[in-house]
There are 2 protein chains.
Amino acid sequence: MHRVTIAQVAARAGVSTATVSRALSGNRPVSAEIRRRVDAAAGELGYAGNTIASALRRSRTDTVGMVVPSIRNPFFTSLVESVEHALQDQGKQLFLCDSRQDVAVEAGHLRSLAARQVDGIIISPCHGTGSTPAVEAAAAAIPLVQLDRHVAGTNTDWVGVDDGVSMRLVLDHLHAAGARSAAFISSTLTNSSTELRLAGFRRQTERLGMRTRDAWILLGDYSVEWGRRAAGDLLAGPGLPDAIVCADDLIALGVLRACRDHGVAVPADVQVTGYDDIDFAALSEPGLTTVGQPRDRIAAEAVRLLATAAGTGATAAHIALAPTLVVRESTAPVPPPGPAPAGTPGAAAAPVAGSEVRIRTGQPRSSRSEAGAHQESSSRP
Amino acid sequence: MHRVTIAQVAARAGVSTATVSRALSGNRPVSAEIRRRVDAAAGELGYAGNTIASALRRSRTDTVGMVVPSIRNPFFTSLVESVEHALQDQGKQLFLCDSRQDVAVEAGHLRSLAARQVDGIIISPCHGTGSTPAVEAAAAAIPLVQLDRHVAGTNTDWVGVDDGVSMRLVLDHLHAAGARSAAFISSTLTNSSTELRLAGFRRQTERLGMRTRDAWILLGDYSVEWGRRAAGDLLAGPGLPDAIVCADDLIALGVLRACRDHGVAVPADVQVTGYDDIDFAALSEPGLTTVGQPRDRIAAEAVRLLATAAGTGATAAHIALAPTLVVRESTAPVPPPGPAPAGTPGAAAAPVAGSEVRIRTGQPRSSRSEAGAHQESSSRP
DNA sequence: TTGAAAGCGCTAACAC
DNA sequence: GTGTTAGCGCTTTCAA
């Protein structure tokens, strides 16, 4: 049983194929009578359309490709979910690609997406420099926006949160909660957010006069297992930091686990923070204090940029949304500065308003500036 | 800068477009000399191909659509990951669709995928009967395989695990661990696996002579929050079951949380089991005893079926893979039947070999039967 | 082995 | 407002 084509619908409705196309797409005016006949014919024949043919003709596919280092990492899972939902509102569909932290796999996906004529690409590159060539090549052919992480030396759109601000939120909070020394557990990966988080940690501990040591900077990968191992080493070593700052929630959950195994009390003996606010951060024991990223906003901005960027070249937008600190029980209570009531501590997550937004450089590309919640700026004027 | 076409490559290489096509695709013989010239020309021009044009001509897109009730549910996330990887090995790409538990959204996705001429559809339908029309319509046009769940009244391929067997594994284990009464917490959703798990629970408790009550069958949704609420109600009520069997791990994690909140010891006061073996099942305190599904195998079979099913009509394969019981600390230790050493209890997950495979009806479609790990069978002879 | 040419199904000019 | 027609870029007969 062959697929129904527009020609068959046209024959049945007694009109030309062009008219059927116009009636069905609604792009151009068609008389009510004819529209009725076409709709009827299409319905009777079970006409379903052929997006491929349409795409070839219009040179638009209404598809977007998304490439993430690991679908299974809960942070990227939510990002994918948010992007899928945002795209659905626009009638676009999502090609999902998992680069498995492998630059070569990633490059293959990008080539493949380009060949498929996707209208745009959303990528969280797996490597800060290794991903550059493939990302640049793709961006040369197709609107591309980087999410969360971005590679060195490219000038594509980017949207995410400001990791420096996040680390300030985290360390200010820890300091206020009494921590005077801190360790940092992260990944060896050399991507932008990993590096910015470490840099932020160094700057903020220094600013606040908090002690740290080389042996307290532990780099492995973004996994529960690594967090557990690293914390195990830390707890076995001499001296304990007041706080362990983790570059993502998976690591932090591993750290909590290690503390439990070693009989170290959190937050009494050591405070622990994560990053991303994945679903399970609320569920651990104790609940994990962490940095919340506005994933829906990030996704929405990315999708909007792709739609906008279609024609425009030349200027890249950098949109840094405000992170929030989500305070739970893995950090010590902060003495209230004023007479404000403490609320119900430890019950639900208490999001603490984050920060202003960082404006990078240059001037806004679009004149329509939104609600002050973020700013976009171009890196080339 | 316009995209490079095959015609430009042809001109540069001094050959016809047909020859370029043959050289690049490798489908037909081309002289070594010409192949070299074509490759060179393509490289110099940065030819990237146009999958859309190719797809229109060949009427194959090398794409597969996947529709799941919720991307964010960790079980489906892993399934998506497994499918993505399996597809990548075949050079196909994945359209990911989230139906958000909504039959109308799901139907829209299926229509859209059909219009996009995907080569196959993999779906975990969100409703046992409500999804039927859309699934049937899609299956009439495109090879379709249902994963995990399946809808009533259709005759498409299906692959998953046998929920009845899973419940037998769970209840045998609980019984051996001393449980003589059990509650069941699940979802109100009327899809096949939800219903089969409940039916299995009923049958097995009856078979083992374990007590249960209407008030101990609690139906809500697949979420941590529901598990927590349901268990809260249960723990507040009169009498406590020896065990709480949950229809998925999210619910079970919520139950564990409620037990902790209510000071109920697991497994001493009540044993708890989950279903799916999501990543976080290993991480809870105590670790969750649960049913493991061979997700990679499920995905691989689904992808294989789509590839096979291309031409074949008429007979549908039902592939039920063996579930495994993953024993952790949320259930009581089972007294060893023989002199076998206990191993290191509670350390790593201890998968217990599951069960034989259920053969539904009819006879195998493919003659090539694999390693006895599963059986496929056709429901129509 | 290679080239010429006919379309895949649709939409956008261009006429009327 | 509607029909005619020319492709979108590729693959695949059919001849040579």
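In what follows, chains are A, B, ... by sequence order, proteins preceding strands, each numbered from 1. As the structure is a computational prediction, the values presented were derived from the model and not from experiment.
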Quiz item: When all nucleic acid strands are considered with a 4.0 Å heavy-atom cut-off, which category describes B:Ser31: base, sugar-phosphate, or nothing?
Solution: sugar-phosphate

Exercise. Output the distance between atom CG (B:Leu144) and atom CG (B:Leu305), rounded to the nearest 0.5 Å.
Key: 11.0 Å

Quiz item: Please give, in whole Å, the distance from C:dT11 P to A:Ile52 CD1?
Solution: 13 Å

Quiz prompt | C:dG9 phosphate, OP1 or OP2, under 4.0 Å from A:Tyr47 side-chain N/O | solution = no

Quiz item: Between B:Asn27 (CG) and D:dT13 (P), how many Å, whole number?
Solution: 11 Å

Quiz item: What about B:Arg57, does its side chain sit under 3.5 Å from the base of C:dG9 through a donor-acceptor pair?
Solution: no

Self-check item: Along DNA chain C (nearest heavy atom to each residue), the more 5'-positioned of B:Ala53 and B:Ala18
Solution: B:Ala18

Practice problem: Could you check A:Val20 against B:Arg58 and say which one's nearest nucleotide on DNA chain D is further toward the 5' end? | Solution: A:Val20

Quiz item: Do A:Thr77 side-chain atoms and A:Ile71 backbone N/O form a donor-acceptor pair below 3.5 Å?
Solution: yes

Quiz item: Checking all strands, does B:Ile34 fall into the base, sugar-phosphate, or nothing category for heavy-atom contacts under 4.0 angstrom?
Solution: sugar-phosphate

Quiz item: Rounded to the nearest Å, what distance is computed from the CG atom of residue B:Leu56 to the P atom of nucleotide D:dG9?
Solution: 12 Å

Self-check item: Atom-pair distance (CZ on B:Arg22; P on C:dA4), nearest Å
Solution: 11 Å

Quiz item: Is it true that a side-chain atom of B:Thr19 and a backbone atom of B:Val15 form a donor plus acceptor pair closer than 3.5 Å?
Solution: no

Quiz item: Roughly how many Å is it from CG in A:Asn50 to P in C:dG7, rounded to a whole number?
Solution: 18 Å

Quiz prompt | Interatomic distance, B:Gln117 CD vs C:dG9 P [rounded to whole Å] | solution = 9 Å

Quiz prompt | Donor-acceptor contact present, side-chain A:Asp157 to main-chain A:Ala317, <3.5 Å | solution = yes

Self-check item: Contact under 4.0 Å: A:Thr19 side-chain N or O vs D:dG3 OP1/OP2
Solution: yes

Quiz prompt | Nearest listed nucleotide, side chain of A:Ser54, among C:dC10, D:dG9, C:dA12 | solution = C:dC10

Quiz prompt | Phosphate contact (C:dT11 OP1 or OP2) by A:Ser21 side-chain N/O below 4.0 Å | solution = yes

Quiz prompt | Rounded distance (Å) that lies between atom C1' of C:dT1 and atom CZ of B:Arg35 | solution = 12 Å

Quiz item: What distance separates B:Ile122 CD1 from B:Leu87 CG, expressed to the nearest 0.5 Å?
Solution: 6.0 Å

Quiz item: Hey, does B:Arg28 reach any base, or is it just sugar-phosphate, or nothing, if we go heavy atoms under 4.0 Å?
Solution: nothing

Practice problem: Grab the CZ-C1' distance between B:Arg60 and D:dT12 for me, whole Å please. | Solution: 15 Å

